[in-house]
Amino acid sequence: QVQLVESGGGSVQSGGSLRLSCAASGYTYIVSCMGWFRQAPGKEREGVAAIDSAGRANYADSVKGRFTISRDNAKKTLYLQMNSLKDEDTAIYYCARANWGLTWPACRADESAFGYWGQGTQVTVSS
């Protein structure tokens, strides 16, 4: 059974940094396209970044240059390093696995391709 467990969320001041982690289990992690999504209060969930098994990544324009997605295939863990955080980054952040082994550039944070989701972790950025 696929399990995705996020951690690392919290409260931080604007301009600060956080690193989210997502521990995966229950499937062959290395072949998967993985992604981070977020949902802010009152808004729809949106894609943040995605990474294929070779480590090639895609980012939403809103986070390019500030966020970095990475993965450790040996540890079956996905990461999201978030720097220069802004108030508008406040959201619940979700880790997700694509339904099939997409590779870059098809591996991107398009919600329709992701069928497995974690429970989410809250990130709050304040001025």
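Just so you know, these numbers use all the heavy atoms, side chains as well, and skip hydrogens, waters and symmetry mates. Only a predicted model underlies this, so the values are computations on that prediction, with no experimental measurement involved. Residues take their numbers from the sequence shown, with the count starting at 1.
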Subject >> Separation between CZ of R108 and CG of L102, rounded to the nearest 0.5 Å >> reply: 8.5 Å

Original post:
Is there a donor-acceptor contact under 3.5 Å linking the side chains of D72 and T77?
Top reply: no

Original post:
At what distance, to the nearest 0.5 angstrom, does CZ of F37 lie from CZ of F114?
Top reply: 4.5 Å

Subject >> Whether E6 side chain and Q119 backbone form a donor-acceptor pair below 3.5 Å >> reply: yes

Original post:
If every non-hydrogen atom of A50 is compared with every non-hydrogen atom of A109, which pair is closest and at what distance?
Top reply: CB-N, 3.5 Å

Subject >> Test item: Q1 and Y27 side chains (from C-beta on) under 4.5 Å apart, heavy atoms >> reply: no

**OP:** Enter the distance from S62:OG to E88:CD here, rounded to the nearest 0.5 Å.
**Re:** 9.0 Å

Original post:
Ignoring hydrogens and geometry, is there a side-chain-to-backbone donor-acceptor pair from D52 to P105 under 3.5 Å?
Top reply: no

Original post:
OG of S32 to CD1 of I51: how many Å apart, nearest 0.5 Å?
Top reply: 10.0 Å

Original post:
Hey, are the side chains of L18 and L85 touching, using non-hydrogen atoms and a 4.5 Å cut-off?
Top reply: yes

Original post:
How many angstroms lie between OG1 in T90 and NZ in K43, if you round to the nearest 0.5 Å?
Top reply: 10.0 Å

**OP:** Measure from the side-chain N and O atoms of R97 to the backbone N and O of Y116, and report whether any donor-acceptor pair falls under 3.5 Å.
**Re:** no

Original post:
If you look at every heavy atom in A57 and Y59, which pair is closest and at what distance?
Top reply: CB-CE1, 3.8 Å

**OP:** Would you mind reporting whether C22 and Y94 have side-chain heavy atoms less than 4.5 Å apart?
**Re:** no

**OP:** Write down the atom of S127, the atom of S14, and the distance for their closest heavy-atom approach.
**Re:** CA-CB, 4.1 Å

Original post:
Under 3.5 Å, side chain of T121 to main-chain N/O of G9, donor-acceptor pair present?
Top reply: yes

Original post:
Does the cation-pi check pass for R45 over W117, that is, NZ or CZ under 6.0 Å from the six-membered ring centre and within 45° of its axis?
Top reply: yes

Original post:
Is M82 close to L20 at the side-chain level, that is, under 4.5 Å between some pair of heavy atoms?
Top reply: yes

Original post:
Does a side-chain heavy-atom distance below 4.5 Å link E111 with E46?
Top reply: no

Subject >> Backbone of F67 reached by a side-chain donor or acceptor of Q81 within 3.5 Å >> reply: no

Original post:
Within the side chain of N99, is there an N or O that forms a donor-acceptor pair under 3.5 Å with the backbone of G115?
Top reply: yes

Original post:
Do the side chains of V125 and K86 get nearer than 4.5 Å, heavy atoms only?
Top reply: no

Original post:
Got L80 and V48 here, is their nearest side-chain heavy-atom distance under 4.5 Å?
Top reply: yes

Original post:
Does NZ or CZ of R71 come closer than 6.0 Å to the centre of the six-membered ring of Y79, within 45° of the ring's axis?
Top reply: no

Original post:
Hey, are the side chains of R38 and V63 touching, using non-hydrogen atoms and a 4.5 Å cut-off?
Top reply: yes

**OP:** Look up atom CG in N73 and atom CE in M34, then write down how far apart they are to the nearest 0.5 Å.
**Re:** 10.0 Å

Original post:
Do the charged groups of K64 and D61 touch, with an N to O distance under 4.0 Å?
Top reply: yes

